Visitor: 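Provided herewith is a single structure, encoded as structure tokens, for subsequent inquiry.
As the structure is a prediction and not an experimental result, all values here were calculated from the model.
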Amino acid sequence: CIMSTLGWKLRPLRGVLGEMDVLYSLGVKEILFLDQTFGLDRRRTLKMLEQMRKRAYGFGWTCFTRPDVISESLLRAMSKAGCHTLIMGLESGDESILRAARKGYGKKEILEGFELARNLGLRTVATVILGLPEEDKSSFERTLCFLARVKPDFASFNVAVPRLGTPLRQRALRLGLTDPRTLKMDQSGNPAAMPTRSLSSVEVEGLKKKAVRRFYLRPSYLWARTRSLLPSGRDWSMLEVRTQLGQGWALLKRQL
């Protein structure tokens with residue numbers, strides 16, 4: 001991720017709320033906040049959420065955040081303002097890889113963060129990164145086992161990309177895992193941008209495909225997703241039901 005290498009600033013709340021006023025007037029129903037860490041400035045975030053609640057926009061929304069940033073009070077305020085889904089970095093189930101990637105949190109914080117969101121009725125998406133220099137088949141298995149413990153609603157599997165200006169690129173160059181002329185920036189894993197110290201690029205691509213199959217095609221997961229769409233589960237709209245069924249069918253076609 002290049003975000004840690006970039007500067008950032010906060011926009012005035014008046015401007016942000018003004019834009020939401022316009023979206024509301026246009027009949028927009030869903031919003032994705034692209035802040036890389038929603039809620040980092042707690043006081044400002046709570047002010048915005050309170051205004052969203054008072055203005056009764058009725059938006060449903062999703063955001064990116066970190067498991068070590070959220071708290072029960074923050075998530076309750078987010079839920080009241082319409083948040084239904086959190087995208088958070090799980091990244092790896094191997095503590096040594098988390099430390100090498102300088103994530104700033106470990107498996108304990110990840111488990112606690114996802115459990116808190118789940119207990120408050122929020123859906124979660126875990127982002128997973130495969131193919132970092134230290135990755136091997138054992139660390140891959142630890143990640144999938146950990147993912148099963150964390151129990152996110154969805155998982156996004158990505159492969160490591162040595163982007164320009166990142167510490168990962170510097171490390172990959174030192175280890176001879178990438179060429180200075182390589183400019184591949186595709187996280188999809190088709191193909192993988194680089195090998196690891198013990199896996200070839202082809203093996204990394206295979207691990208990514210295997211991870212998708214093992215997570216999404218588990219009978220327990222398929223049943224849980226189906227059950228969530230039944231009347232006894234969350235109050236889904238027909239659009240949401242059609243969207244989830246369509247995405248599920250597309251996934252099955254790609255994998256089978």
Visitor: Could you give me the CA-CA distance, side-chain angles and deciding distance for L86 and C63, then say whether side chain to side chain contact (heavy atoms under 4.5 Å, CB included) is met?
Guide: CA-CA 5 Å; L86 302 177; C63 66; 3.7 Å; yes
Visitor: Looking at side-chain heavy atoms only, is the closest gap between Y57 and D21 below 4.5 Å?
Guide: yes
Visitor: Is F38 close to V69 at the side-chain level, that is, under 4.5 Å between some pair of heavy atoms?
Guide: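 When only atoms from C-beta onward are counted, F38 and V69 do not touch, as no gap falls below 4.5 Å.
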Visitor: If I take atom CZ from residue R44 and atom CG from residue L13, how far apart are they, to the nearest 0.5 angstrom?
Guide: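 Those atoms lie 4.5 Å apart.
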Visitor: Do L173 and R169 have side-chain heavy atoms sitting under 4.5 Å apart?
Guide: yes
Visitor: Rounded to the nearest 0.5 Å, how far does CZ of F64 lie from CG of D35?
Guide: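 D35 CG to F64 CZ: 10.0 Å, rounded to 0.5 Å.
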Visitor: Name the orientation class of the two ring planes belonging to Y221 and F154 (parallel below 30°, tilted from 30 to 60°, perpendicular beyond 60°).
Guide: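 Taking F154 first and then Y221, their aromatic rings stand perpendicular (interplane angle over 60°).
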Visitor: Count the heavy atoms of every other residue, nucleotide or ligand shown that sit under 6.0 Å from CZ of R55, and state whether that count exceeds 12.
Guide: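 It does: R55 CZ has more than 12 such atoms within range.
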Visitor: Please name the pair of heavy atoms, one in T127 and one in G89, separated by the smallest distance, quoted to 0.1 Å.
Guide: OG1-CA, 3.1 Å
Visitor: If you take all heavy atoms of Y24 and A56, which pair is closest and at what distance?
Guide: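 Heavy atoms of Y24 and A56 come nearest at CE1-O, 4.1 Å.
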Visitor: Donor-acceptor check, side chain of S139 to backbone of D94, threshold 3.5 angstrom: yes or no?
Guide: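 Checking the backbone N and O of D94 against the side chain of S139, no donor-acceptor pair under 3.5 Å is found.
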Visitor: What I want to find out is whether K209 reaches E205 closely enough, with some N-O distance under 4.0 Å, to be called a salt bridge.
Guide: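 Here K209 does not pair with E205 in a salt bridge, since their nearest N and O are not under 4.0 Å apart.
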Visitor: Whether R11 and E19 form a salt bridge (side-chain N of Lys/Arg under 4.0 Å from carboxylate O of Asp/Glu) is what I want to check.
Guide: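 Here E19 pairs with R11 in a salt bridge, since their nearest N and O are under 4.0 Å apart.
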Visitor: Distance to the ring centre below 6.0 angstrom and angle to the axis at most 45 degrees; does that hold for K107 and F146?
Guide: yes
Visitor: If every non-hydrogen atom of G131 is compared with every non-hydrogen atom of A160, which pair is closest and at what distance?
Guide: O-CB, 3.5 Å
Visitor: So I31 and F33, do their side chains get closer than 4.5 Å, heavy atoms only?
Guide: yes
Visitor: Look at the side chain of Y216 and the backbone N and O of A155, then say whether any donor-acceptor pair between them is shorter than 3.5 Å.
Guide: yes
Visitor: Do M78 and W61 have side-chain heavy atoms sitting under 4.5 Å apart?
Guide: yes
Visitor: Looking at every non-hydrogen atom in both residues, tell me the closest pair between P162 and A193 and how far apart they are.
Guide: CD-CB, 3.9 Å
Visitor: Apply the test side chain to side chain contact (heavy atoms under 4.5 Å, CB included) to residues L132 and T196: give CA-CA distance (whole Å), side-chain angles for both, the deciding distance (0.1 Å), then the verdict.
Guide: CA-CA 6 Å; L132 288 166; T196 75; over 6 Å; no
Visitor: Using 4.0 Å as the upper bound for N to carboxylate O, is an ion pair formed by E134 and R171?
Guide: yes
Visitor: Please check if atom CZ in R42 has more than 12 non-hydrogen atoms from other residues, nucleotides or ligands closer than 6.0 Å.
Guide: yes
Visitor: Are the side chain of T37 and the backbone N or O of L40 linked by a donor-acceptor pair below 3.5 Å?
Guide: no
Visitor: Quick one: closest heavy-atom pair of G39 and L74, and the distance?
Guide: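 Smallest interatomic distance, heavy atoms only, reads CA-CD2, 4.3 Å.
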Visitor: I need the F114 CZ to K151 NZ distance, nearest 0.5 Å.
Guide: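 Spacing of CZ (F114) from NZ (K151) equals 13.5 Å.
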Visitor: Looking at CG of L120 and CG of L122, how far apart are the two atoms once the value is rounded to the nearest 0.5 Å?
Guide: 6.0 Å
Visitor: With side chains defined as the heavy atoms from C-beta onward, is the minimum distance between I110 and L98 less than 4.5 Å?
Guide: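 I110 vs L98: side chains touch.
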Visitor: Using a 3.5 Å distance criterion without hydrogens, assess whether the side chain of Q51 forms a donor-acceptor pair with backbone atoms of M48.
Guide: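 Checking the backbone N and O of M48 against the side chain of Q51, no donor-acceptor pair under 3.5 Å is found.
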Visitor: In Å, rounded to the nearest 0.5 Å, how long is the span from CD of Q170 to CG of L164?
Guide: 11.0 Å
Visitor: Can you hop from V159 to V202 via hydrophobic side chains spaced under 4.5 Å?
Guide: no
Visitor: I need the T178 OG1 to L175 CG distance, nearest 0.5 Å.
Guide: 11.0 Å
Visitor: On a heavy-atom basis, which atom in H84 and which in E30 lie closest, and how many Å separate them?
Guide: NE2-OE1, 2.9 Å
Visitor: Under the side chain to side chain contact (heavy atoms under 4.5 Å, CB included) criterion, do I87 and T62 qualify, and how do the steps go?
Guide: CA-CA 7 Å; I87 305 172; T62 302; 3.8 Å; yes
Visitor: Do M52 and M20 make a side-chain contact, defined as non-hydrogen atoms from C-beta onward lying under 4.5 Å apart?
Guide: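 Sidechains of M20 and M52: in contact.
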Visitor: Does the R99 side chain pair with the main chain of Y105, one donor and one acceptor, at a distance under 3.5 Å?
Guide: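 No.
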Visitor: Under the salt bridge (charged side-chain N to carboxylate O under 4.0 Å, His left out) rule, what do R53 and E50 come out as? Steps first, then yes or no, please.
Guide: CA-CA 5 Å; R53 189 185 65 79; E50 179 63 15; 2.7 Å; yes
Visitor: Check this for me: does any side-chain nitrogen of one of E141 and K210 sit under 4.0 Å from a carboxylate oxygen of the other?
Guide: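 Here E141 pairs with K210 in a salt bridge, since their nearest N and O are under 4.0 Å apart.
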Visitor: Between K137 and E203, is any pair of side-chain heavy atoms under 4.5 Å apart?
Guide: yes
Visitor: Under 6.0 Å from the ring centre and within 45 degrees of the ring axis: does the NZ or CZ of R213 meet both conditions for the six-membered ring of F215?
Guide: no
Visitor: Decide side chain to side chain contact (heavy atoms under 4.5 Å, CB included) for L49 and K80; before the verdict, give the C-alpha distance in whole Å, the side-chain angles of both, and the deciding distance to 0.1 Å.
Guide: CA-CA 8 Å; L49 295 174; K80 289 178 181 178; over 6 Å; no
Visitor: I'd like to know if the side chain of S198 and the backbone of E135 have a donor-acceptor N/O pair within less than 3.5 Å.
Guide: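 Such a contact is found between S198 side chain and E135 backbone.
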Visitor: Measure from the side-chain N and O atoms of S79 to the backbone N and O of L75, and report whether any donor-acceptor pair falls under 3.5 Å.
Guide: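 No, the answer is negative, given that no donor and acceptor are paired below the 3.5 Å cut-off.
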Visitor: Under the 3.5 angstrom rule, does the side chain of N158 hit a backbone N or O of S156 as a donor-acceptor pair?
Guide: yes
Visitor: With a 4.0 Å cut-off on N to O distance, would you call K103 and E91 a salt bridge?
Guide: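 Answer for the salt bridge query: yes.
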